[in-house]
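The structure displayed is predicted, hence computed values, not measured ones.
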Amino acid sequence: MYKKFALFKENAVPILVGIFSGAISGFICVVFFSKLFRLNNLLTESLIPKSITTPIGIAMSKQLGGLSSITVVAIIMTGIIGSVVGPFLHKIFKIKDKIALGIAMGASAHALGTARSMEIGEIEGAMSGLTMAISGIVAVLLYPFLWKMVLEIFK
């Protein structure tokens, strides 16, 4: 990441927009599908941290009131699926931007996505690692607040 810091500074706004978009869309997808499939709040609270790295996800799951064992399984499954499907989707949609691939992998598939991004290229890996770290911070700050809002809306 240190080698690519100049690249981050040049593209700070698009990178930060991508990170926030990834974090918020991950939250919205979990809540939407939980409501669609009528999952109870315990399961939803366990699935909300699925797209952040495991240590942060476990702590967040406990904070939200979820079960950390379900959270760990969701995080592992998200990482595996994201690291396999992510590069494939980029090829299908002909997305050539290395920064975009790194951001997408870091925001959605966390550590496994970052490992896969490092295999793809140095820029992709650096952006994925940066995204994974910042996404964890964004999730810690936003998810509890967003979850309280959702609970108020669906009372």
Considering all heavy atoms of both residues, which atom of [X] and which atom of [Y] are nearest to each other, and what is their separation?
X: A100; Y: I95; answer: CB-CG2, 4.3 Å
X: S117; Y: G102; answer: OG-CA, 4.5 Å
X: V150; Y: K35; answer: CG1-CE, 4.5 Å
X: P87; Y: L101; answer: CA-CD1, 4.4 Å
X: I123; Y: L7; answer: CG2-CD2, 3.6 Å
X: M60; Y: I52; answer: SD-CD1, 4.1 Å

Same cluster or not: are [X] and [Y] linked, directly or through other Ile, Leu, Val, Met, Phe, Trp or Tyr residues, by side-chain heavy atoms under 4.5 angstrom apart?
X: M77; Y: F88; value: yes
X: L39; Y: I153; value: yes
X: I76; Y: I48; value: no
X: V140; Y: I28; value: yes
X: L130; Y: V17; value: no

[Y] backbone acceptor or donor facing [X] side chain under 3.5 Å:
X: T78; Y: A74; value: yes
X: Y143; Y: A23; value: yes
X: S46; Y: I70; value: no
X: N40; Y: L43; value: yes
X: H110; Y: T54; value: no
X: S128; Y: E124; value: no

Is there side-chain contact between [X] and [Y], with heavy atoms separated by less than 4.5 Å?
X: T53; Y: I75; answer: no
X: K62; Y: I58; answer: yes
X: T114; Y: M105; answer: no
X: P144; Y: Q63; answer: yes

### Query
For A109, what residues pass the side-chain contact (heavy atoms from CB on, under 4.5 Å) criterion, not counting sequence neighbours?
none
### Task
Working to the nearest 0.5 Å, report the span between OG of S34 and CD of E45.
10.0 Å
### Task
Kindly compute the distance separating CD1 (I56) from OG (S61), expressed to the nearest 0.5 Å.
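Answer rounded to 0.5 Å: 13.5 Å.
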### Query
Using 30° and 60° as the class limits, which term best fits the ring planes of F27 and W147: parallel, tilted or perpendicular?
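It falls in the perpendicular class, over 60°.
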### Query
Can you list the steps and then say if T71 with K50 is a side chain to side chain contact (heavy atoms under 4.5 Å, CB included)?
CA-CA 6 Å; T71 302; K50 71 166 182 52; over 6 Å; no
### Derivation and outcome, side chain to side chain contact (heavy atoms under 4.5 Å, CB included), residues I24 and V138
CA-CA 9 Å; I24 292 170; V138 169; 5.8 Å; no
### Message
More than 12 heavy atoms of other residues, nucleotides or ligands under 6.0 Å from NZ of K148: yes or no?
### Response
no
### Query
Heavy-atom count around F8 CZ within 6.0 Å, excluding the residue itself: above 12?
yes
### Task
Could you give me the CA-CA distance, side-chain angles and deciding distance for L142 and F20, then say whether side chain to side chain contact (heavy atoms under 4.5 Å, CB included) is met?
CA-CA 10 Å; L142 285 182; F20 275 90; 4.3 Å; yes
